[in-house]
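The block underneath contains the structure these notes are about, expressed in structure tokens.
Side chains are part of it too, since the values below use all heavy atoms of this structure and drop only hydrogens, waters and symmetry mates. Small disclaimer: the values here were computed from a predicted structure and weren't measured.
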There are 2 protein chains.
Amino acid sequence: MTGNFDALAADRSRLARSSAAQRVAEVLRDHIIEGRLAPGTRLSEEALGEALAVSRNTLREAFRLLADQRLVVHELNRGVFVKTLSPRDVADIYTLRLALEMAGVRALRCAAPERLAAVRAALARAEAAETQGDWGAVGTADLHFHQAVAGLADSERIDECMARLAAELRLAFAAVPSAHGFHEPFLRRNQVLAGLLESGEIDDAELELTRYLDDARTVIVNAMAENGR
Amino acid sequence: MTGNFDALAADRSRLARSSAAQRVAEVLRDHIIEGRLAPGTRLSEEALGEALAVSRNTLREAFRLLADQRLVVHELNRGVFVKTLSPRDVADIYTLRLALEMAGVRALRCAAPERLAAVRAALARAEAAETQGDWGAVGTADLHFHQAVAGLADSERIDECMARLAAELRLAFAAVPSAHGFHEPFLRRNQVLAGLLESGEIDDAELELTRYLDDARTVIVNAMAENGR
DNA sequence: TCTTGTCGGATTGTTCCACAATCCTCTAGC
DNA sequence: GCTAGAGGATTGTGGAACAATCCGACAAGA
């Protein structure tokens with residue numbers, strides 16, 4: 001029998017190389033998330049293939065990957081377009097977010113409290129970014145914080161869903177004019193929520209989470225209504 | 001201004017033509033779900049392309065679509081394989097299911113009760129299938145019932161997640177030996193759950209749903225443990 | 001006998017090209 | 001002003017070729 005290499009198996013993911021399609025998808029993803037590719041932009045196969053020096057086939061595979069993450073939409077015989085979020089989409093995203101994060105909070109009822117380490121760490125990163133005035137980083141940490149909350153449910157699929165939602169949320173964040181003004185109050189409430197989780201006040205945490213997401217949704221939807229038209 | 005054709009817009013999806021890749025994915029999906037392609041089977045690009053009379057390019061696109069639905073897994077330079085569900089996967093699926101269906105139930109607290117129509121309809125189909133002794137159809141109706149429960153949340157994304165989970169659950173159902181023995185008790189509990197929803201006993205419905213999913217998970221995991229080895 | 005190095009076949013990853021199918025725009029005609 | 005149709009541009013699909021990679025078999029050495 002071979003020795004016990006379970007510890008190594010945990011790092012198996014680091015072995016995974018990536019295909020050209022995956023790398024292309026990653027590049028496009030970053031551009032979309034950071035707003036360098038505006039929503040609604042048509043992604044021409046020929047133009048992009050030339051720009052990135054990959055073939056149309058490879059590019060099309062990358063498009064499929066991005067469509068998974070709902071960052072682009074694919075219309076038959078018309079091509080792929082950078083996703084444009086409607087206020088309805090934002091509301092929908094927050095509905096799913098509530099379901100997933102609520103599952104995390106509920107799981108804490110009968111789970112070891114040391115699972116909160118990831119939540120704590122994300123919150124700390126957000127606070128550090130705040131002191132540096134880097135509100136972009138605060139936004140990133142905020143997403144990680146909420147992914148950690150959902151992660152309390154200890155479910156790969158929930159984590160995957162949240163990761164996808166996080167990418168979509170980036171698009172939504174792009175709609176708010178001031179990152180500082182938007183994130184600052186919610187960072188405070190992240191701290192409140194984390195406190196409730198730490199002290200085991202689950203009922204109150206559920207209530208706070210519900211209100212938190214409701215308020216965030218409202219802020220973004222209103223910002224989109226003003227901005228968009 | 002044009003007339004109000006919102007009623008027609010609801011049927012817009014029926015207009016959507018489909019690409020060859022989508023049709024190929026559908027065919028493969030059916031074969032996988034019905035167990036004609038055993039879990040773990042390697043799907044050779046060359047062999048399948050010849051069997052279905054499509055090019056490798058098209059087939060690879062179909063594989064991407066199936067990978068989305070988690071019905072196949074793609075390993076770099078090794079190809080795609082029909083997904084093999086582990087007991088851990090089943091447990092994970094039920095964790096996400098609980099989160100999504102719970103969101104539906106909770107939404108009923110402040111939603112019009114006529115939203116229950118879809119739930120009622122799915123339950124009726126399950127009962128009709130039972131009287132005909134068609135336990136395969138009962139299984140289908142059971143999935144629709146629970147999709148309808150999650151649908152109470154009125155969220156496209158939740159519906160999409162549930163649809164995906166339903167496909168994965170088909171794989172799990174394949175693990176239980178007797179469709180009758182498996183579905184019969186859960187059909188009874190679907191009726192109980194529906195009754196609680198109809199009468200607005202939301203707290204009890206949440207409790208029943210939690211226990212229901214917990215029991216179903218246990219049954220399937222045990223069946224896999226016996227069957228698999 | 002067990003381990004390790006190396007080779008070769010088979011399969012996937014990627015590119016390139018060709019052509020059909022479809023969509024969009026623009027124009028001619030009423 | 002509106003409709004119908006032509007034309008160009010783009011995507012959908014098929015096919016072939018080569019590179020990269022994996023896997024099993026075989027050989028060499030301890």
Side-chain angles (χ1 to χ4, degrees), chain A residues 1-5 8-9 11-29 32 37-38 40-68 71-84, chain B residues 1-3 9 12-29 32 37-38 40-68 71-84:
Chain A
M1 199 56 57
T2 76
N4 183 354
F5 292 125
L8 278 180
D11 274 1
R12 194 186 305 174
S13 59
R14 286 171 51 192
L15 250 69
R17 287 153 304 105
S18 65
S19 67
Q22 288 172 316
R23 291 191 299 272
V24 168
E26 199 129 337
V27 169
L28 290 177
R29 194 190 109 103
I32 292 171
L37 282 170
T41 305
R42 173 153 159 277
L43 300 177
S44 156
E45 295 185 353
E46 191 173 351
L48 262 183
E50 189 162 356
L52 296 171
V54 295
S55 75
R56 275 180 64 207
N57 284 333
T58 301
L59 198 53
R60 288 168 67 89
E61 289 213 13
F63 285 161
R64 295 284 184 197
L65 295 176
L66 290 172
D68 275 6
L71 291 179
V72 303
V73 292
H74 188 155
E75 300 182 21
L76 192 59
N77 285 318
R78 296 197 355 102
V80 305
F81 300 81
V82 178
K83 170 91 180 193
T84 301
Chain B
M1 199 54 57
T2 77
R12 192 186 305 172
S13 60
R14 286 170 52 192
L15 250 72
R17 287 156 301 107
S18 66
S19 66
Q22 288 171 316
R23 291 191 298 270
V24 168
E26 200 129 337
V27 169
L28 290 176
R29 194 189 109 103
I32 292 171
L37 283 170
T41 305
R42 175 155 157 278
L43 301 177
S44 156
E45 295 185 354
E46 191 173 348
L48 262 183
E50 189 162 358
L52 296 172
V54 294
S55 75
R56 276 180 66 207
N57 284 333
T58 301
L59 196 53
R60 287 169 68 89
E61 288 215 14
F63 285 161
R64 293 284 183 199
L65 295 176
L66 290 172
D68 275 8
L71 291 179
V72 303
V73 292
H74 189 157
E75 299 183 22
L76 191 60
N77 284 318
R78 295 197 357 101
V80 307
F81 301 81
V82 178
K83 170 89 180 194
T84 301

Review point. What heavy-atom pair brings A/S19 and B/L76 nearest, and what distance separates the two atoms?
Key: CB-CD1, 3.8 Å
Review point. What closest approach, in Å, do B/H74 and B/V80 show between heavy atoms, and which atom pair accounts for it?
Key: CG-CG1, 3.9 Å
Check your understanding: Can you check whether B/R23's main-chain N or O pairs, donor with acceptor, with B/S18's side chain at less than 3.5 Å?
Key -> no
Point to revise | Stepwise side-chain contact (heavy atoms from CB on, under 4.5 Å) check, A/L71 with A/K83 | key: CA-CA 5 Å; A/L71 291 179; A/K83 170 91 180 193; 5.5 Å; no
Study note, to complete from the structure: From CD of A/E75 across to C1' of D/dG12 the rounded distance in Å is 15 Å
Could you run down the sub-3.5 Å N/O contacts of the protein with nucleotides 5-9 of chain C?
none

Exercise for review: Whole angstrom is fine here: how far is it from CG in B/L65 over to P in D/dG12?
Suggested key: 12 Å
Practice item. May I ask you to verify if any side-chain N or O of B/H74 is less than 4.0 angstrom from the OP1 or OP2 atom of C/dT11? Key: no
Point to revise | Shortest non-hydrogen separation from B/A62 to B/A21 and the atoms involved | key: CB-O, 3.5 Å
Check your understanding: Going from CG on A/L28 to CG on A/L59, what distance comes out if it is rounded to the nearest 0.5 angstrom?
Key -> 7.0 Å
Review point. What is the minimum heavy-atom distance between B/T41 and B/L37, and which atoms define it?
Key: OG1-C, 4.2 Å
Point to revise | Length of the line joining B/E45:CD and D/dT21:P, which is rounded to integer Å | key: 16 Å
Check your understanding: If you measure from CG on B/L66 to CD on B/E26, what distance do you get to the nearest 0.5 Å?
Key -> 10.0 Å
Check your understanding: What residues, two or more places apart in sequence or in another chain, satisfy side-chain hydrogen bond (donor to acceptor under 3.5 Å, both in side chains) together with A/S55?
Key -> A/T58
Could you list the protein-to-nucleotides 14-18 of chain C atom pairs, N/O on both sides, closer than 3.5 Å?
unit_1, atom_1, unit_2, atom_2, d
C/dT14, OP1, A/A20, N, 2.4
C/dT15, OP2, A/S55, N, 3.1
C/dT15, OP2, A/S55, OG, 3.1
C/dT15, OP2, A/T58, OG1, 2.3
C/dT15, O4, A/N57, ND2, 3.4
C/dC16, N4, A/N57, ND2, 2.7

Practice item. Could you tell me whether the phosphate oxygens of D/dT21, OP1 or OP2, come under 4.0 Å of any side-chain nitrogen or oxygen in B/R78? Key: no
Review point. Between D/dG12 atom C1' and A/E46 atom CD, what is the distance in whole Å?
Key: 15 Å
Review point. A/N77 side chain: which of C/dT22, C/dG13, D/dT10 is closest?
Key: C/dT22
Check your understanding: With respect to the phosphate group of D/dT10, does any side-chain polar atom (N or O) of A/R42 fall under 4.0 Å of OP1 or OP2?
Key -> no
